[in-house]
Amino acid sequence: MSLTVDQKPLLEIKRLTKHFPVKNPIGLTEATVKAVNDVSLHLYEGETYGLVGESGCGKSTMGRTILRLTEPTDGKALFNGTDIFQLSSKQLQKMRQDLQMVFQDPYSSLNPRKRIGDIIEEPMIIHKLGSKKERIERVMDILQKVGLQPEAYYRYPHEFSGGQRQRIGLARALVVNPKLIICDEPVSALDVSIQSQIINLLEDIQEEFNLSYLFIAHDLSVVRHISDRIGVMYLGKMMEEAPTDLLFAAPSHPYTQALLSAIPLPNPAIKQERITLRGEIPSPMNPPSGCIFHTRCPFVMDVCKKELPATKEITDGHFVACHLH
Ligand code: SF4
């Protein structure tokens, strides 16, 4: 994807924070889960931004908070310059036509008692789009675009495989002609061969529908193929962000280096040294002081335990939060 000079971001997340209170049996807050802490990113029209990190790093909470499926604790989410977090419920409902989400498990988000045609038509009814006849034509058109037969219209979710159900989830998002789709682990539950089919489909429809994607995944090798830029999160914070080629050619944060070293190389004859991280991910209720990665980092220094590293731009568009830089 090539950017024009002065192109404004379609989506701009500024210092997003999301904390969840943990209540005791009598309803008093006894701890706080710091799921997302002060994370900023931006996404241009037509771009795919891959957001990666281990399970529990806050990336899915980011996606859900941007859409206000859960309310933010702090920060801004500007979509075409309008702060999503300041919208009334009526304004938000209107904006959701432009902002859609595709979930990891489409089956749980597809009503088992409804026919596929009705499921895909529903967002158009909510947004008051078209007559009944126009809506049916649109559903038929979208079914074909996502690679499903017209007969799928009359069938029920349980009659489809995981990959087909993800196509249905995508059709339901596409039917209202959105500008941005947040894809939350859309292929993690699928077999590897099906994963590539869904990723290819996402790429094919991106240009036709002029879509932007925020693509959330725990697997760097999955986001590599689809993303223009990648952000790496750990324990609710952004560790590194770079254009995809640069991130793979010159990973600069020790956490990114460890994630990359775990990806098997296509040529088994080439030896690759795997970086093994010490211990478990700390609890987001009690994150480490200073650099939150210091309890597992192979390069930890004294300063890391006390001071939060600032995010620095080390080369054009390549940002790293680490005292080594
Ligand atoms: Fe490791 Fe220190 Fe860099 Fe954190 S700041 S990643 S602990 S070297």
Side-chain angles (χ1 to χ4, degrees), residues 13-19 31-42 49-62 73-75 214-224 227 229-265 271-325:
I13 306 300
K14 293 187 174 179
R15 312 197 69 166
L16 177 63
T17 295
K18 175 65 191 177
H19 293 173
T32 304
V33 174
K34 295 168 182 154
V36 179
N37 290 295
D38 203 8
V39 174
S40 299
L41 60 85
H42 60 274
Y49 187 106
L51 193 58
V52 289
E54 288 162 287
S55 144
C57 74
K59 56 195 190 306
S60 290
T61 304
M62 276 281 291
T73 304
D74 203 0
L214 179 61
F215 193 98
I216 297 167
H218 63 270
D219 186 342
L220 258 172
S221 55
V222 168
V223 291
R224 179 179 198 168
S227 305
R229 285 183 301 133
I230 293 177
V232 180
M233 279 183 76
Y234 178 78
L235 212 58
K237 286 193 86 64
M238 190 70 88
M239 302 281 103
E240 182 164 8
E241 182 193 83
T244 303
D245 290 347
L246 197 52
L247 190 91
F248 277 80
S252 299
H253 193 285
Y255 179 57
T256 315
Q257 290 165 357
L259 288 182
L260 280 177
S261 78
I263 299 177
L265 294 174
K271 287 257 179 299
Q272 158 171 274
E273 201 174 321
R274 180 162 183 175
I275 303 169
T276 309
L277 296 178
R278 295 179 288 161
E280 297 293 315
I281 303 183
S283 165
M285 281 195 270
N286 191 17
S289 58
C291 170
I292 48 158
F293 187 56
H294 86 248
T295 53
R296 301 177 79 200
C297 180
F299 308 108
V300 60
M301 305 170 282
D302 279 348
V303 64
C304 307
K305 298 173 188 168
K306 297 180 211 130
E307 282 179 33
L308 183 70
T311 301
K312 293 191 192 120
E313 189 169 15
I314 54 169
T315 52
D316 205 12
H318 190 169
F319 297 86
V320 184
C322 172
H323 287 302
L324 291 172
H325 299 278

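In each ligand, atom 1 is the first atom listed, and ligand 1 is the first ligand listed.
- Taking NE2 from His218 and CG from Leu259, the interatomic distance works out to 10.5 Å, rounded to the nearest 0.5 Å.
- One distance of note links CG of Leu247 with CZ of Arg229; it measures 12.0 Å at 0.5 Å rounding.
- For atom 2 (Fe) of ligand 1, the tally of protein N/O/S atoms lying closer than 2.8 Å stands at 1.
- Within a 6.0 Å sphere centred on CE of Met301, heavy atoms belonging to other residues, nucleotides or ligands number more than 12.
- Rounding to the nearest 0.5 Å places CG of Asp245 at 9.0 Å from CD1 of Ile230.
- Using a 4.5 Å heavy-atom threshold, the side chains of Arg296 and Ile281 count as touching.
- Note: Phe293 and His253 have tilted aromatic rings, judged against thresholds of 30 and 60 degrees for the angle between ring planes.
- Of all the heavy atoms of His253, the ones lying under 4.0 Å from any atom of ligand 1 belong exclusively to the side chain.
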